[in-house]
Amino acid sequence: MADRAPLLPLVLDDVSFVARGRAILDGLSLELAAGPRTIVLGHNGAGKSVLLRVMHGLIAPTSGNVRWSASEVPGEPRRQAMVFQRPVVFRRSAIGNLRFALAIAGVPRAERDGLARDALARVGLDAIAHQPARVLSGGEQQRLALARAWMLSPEVLFLDEPTTNLDPGASLEIERVVQAIHDAGTKIVMVTHDLGQARRLADEILFLHGGRLCERSAAAAFFHHPATAEAAAYLEGELPWRSTAAA
Amino acid sequence: MNTLSLAFSEALSMVLRLDPVLGGIVMLSLQVSLSSVVLASALALPIGAALAVARFPGQHAVVTMLNALLGLPAVVVGLAVYLLLSRAGPLGALGLLFTPPAMVIAQAVLVFPLLAALTRQVVADAWGESREQLVSLGAGTWTSALALLVDVRYTLVTIVLAGFGRAVSEVGAVMIVGGNVDGVTRVMTTAIALETSKGDLPLALGLGIVLLTIVLALNIAASLIKEAAQRRHG
């Protein structure tokens, strides 16, 4: 795996996505390099989730190009993964879900169990390996989804609001795992609505507005001195106590 | 005692003492319908799943037609299979007409649309929920279809049981292609029809009791399986 050309950087060139006459993404160009954790912020409908899906290849852009630096070989394990807002787990045991994903990835049967057990241990689910995945709590299901995504050490992990449906404790668990995945060398690209979470996890911010990349800054700069009026208004709106405190 | 209650008590005693004539008819019924459902399921489940997951030109038309076939009249299926298997028909050389295999074929044709349409619906719902995840994992069309069939396996059990219920309780198709030959192709439904017209009410009623019990038991089993699976797997 190490001697292969890396997938990153990822280049989006003038990417648009139009659905029912409305431009969800509107001529968006950017480059994502390995390393910094990229957090995508923006209002509802700004195009954040669609951007992630276009990058991950789940949606084909209406126009423009999505170029990875290397191409993935069909039949080999995927080198990018995605975790969704609502975790999708199948009617199997927790470890069965991981073995199933490894089977899809073409991992030989003999190696699946060990990899699956390691992955469960890394997200703290080893004690419930044999419980049916569908009856786990929301936080446990999301950690299982993270384990599945992390199992084969992808180069890039996309996360689409992975903690939106979770309580604060479960959310912090997810953040801890995301941090660990970053530390292990996977590029994190994550959409969130939780600004506290964005502050804790972000190295850089992509701020989308109306389907365009409105602002891209280092996290600290974005939160203290947003460069655009739209970003400033977004931060004010999302943190209403700031305006009262400033008054 | 009037005729009706007399017939009823006679019917009950036939059932309880496992009357050989009645037993033979019941066994043949179960054999024919079980075989037809196994045969139809082997084709209908994968085809239903593929129709839910694959994208191809004309797919919408195929699904519409399949759903329309849900209301397929049994006698029309019987007639079509009769024409296929009759001496002059394309499969006449096999000599299957008025044999149990002909009845198996007719019932399989009858329940195939039911099994395929319901399977397609259930798998399509599951596909809607998990399509992005499966694509993200790198699963192709066939892997996804197979995985979703496994995922909805408990619902499939109830679908197959519904198919068996439809097969075992239909009369038109087996009557035409089986011919209701005593001891050879006489099943519960055709026997009930014949014995009623002959006036042998105890045998007709006895078979009716058995048939009703089977269909009821199937429905209870289906809902129990569904509930248990729901509790265990969510």
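Letters A, B, ... mirror the listed sequences (proteins, then strands); counts begin at 1. Values below: every heavy atom of this structure, side chains too, minus hydrogens, waters and symmetry copies. Here the structure is a predicted model, which is why all the values come from computation and not from measurement.
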A.B. asks: Below 4.5 Å, heavy-atom pairs only: which of B/G138, B/G140, B/A229 has the largest tally toward chain A?
C.D. replies: B/G138
A.B. asks: Would you say that more than 12 heavy atoms from the other residues, nucleotides or ligands in this model lie under 6.0 Å from the CZ of B/R55, or not?
C.D. replies: yes
A.B. asks: Work out which heavy atom in B/L134 is nearest to a heavy atom in A/I104; give both atom names and the distance.
C.D. replies: CD2-CD1, 4.4 Å
A.B. asks: Any non-hydrogen side-chain atom of A/V135 less than 4.5 Å from a side-chain atom of B/R231?
C.D. replies: no
A.B. asks: Need one label for A/F84: side chain, backbone, both or neither, based on atoms under 4.5 Å from any heavy atom in chain B.
C.D. replies: side chain
A.B. asks: Measure across A/V88 and B/S130 and return the closest heavy-atom pair with its distance rounded to 0.1 Å.
C.D. replies: CG1-CB, 3.4 Å
A.B. asks: Contact part of A/F100 toward chain B, heavy-atom cut-off under 4.5 Å: side chain, backbone, both or neither?
C.D. replies: side chain
A.B. asks: Atom CZ of A/R78 and atom OG of B/S136: how far apart are they, to the nearest 0.5 Å?
C.D. replies: 6.0 Å
A.B. asks: What part of B/R153 is in contact with chain A, defined as an atom under 4.5 angstrom from a non-hydrogen atom: side chain, backbone, both or neither?
C.D. replies: side chain
A.B. asks: Just do the side chain to side chain contact (heavy atoms under 4.5 Å, CB included) check on A/R86 and B/E129 with the steps written out, would you?
C.D. replies: CA-CA 10 Å; A/R86 226 175 57 88; B/E129 284 175 22; 4.2 Å; yes
A.B. asks: Examine whether an atom of B/T143 lies under 4.5 Å from a heavy atom of chain A, and if so say whether it belongs to the side chain, the backbone or both; otherwise answer neither.
C.D. replies: side chain
A.B. asks: Where do A/R92 and B/V150 come nearest, in terms of heavy atoms and distance?
C.D. replies: NH2-CG1, 3.9 Å
A.B. asks: Tell me every residue that passes salt bridge (charged side-chain N to carboxylate O under 4.0 Å, His left out) with A/R134, counting only those two or more places apart in sequence or in another chain.
C.D. replies: B/D151
A.B. asks: Would you mind checking which part of B/A147 comes under 4.5 Å of any heavy atom in chain A, side chain (CB onward), backbone (N, CA, C, O), both or neither?
C.D. replies: both
A.B. asks: Quick one: does A/R91's side chain have a donor or acceptor within less than 3.5 Å of a partner on B/V152's backbone?
C.D. replies: no
A.B. asks: Write down the atom of B/H233, the atom of A/P132, and the distance for their closest heavy-atom approach.
C.D. replies: ND1-CB, 3.9 Å
A.B. asks: Is there side-chain contact between A/R148 and B/L137, with at least one heavy-atom pair below 4.5 Å?
C.D. replies: yes
A.B. asks: Roughly how far, to the nearest 0.5 Å, is the CG atom of A/N97 from the CD atom of B/Q133?
C.D. replies: 9.0 Å
A.B. asks: If you count heavy atoms of other groups shown closer than 6.0 angstrom to OH of B/Y82, is the number above 12?
C.D. replies: no
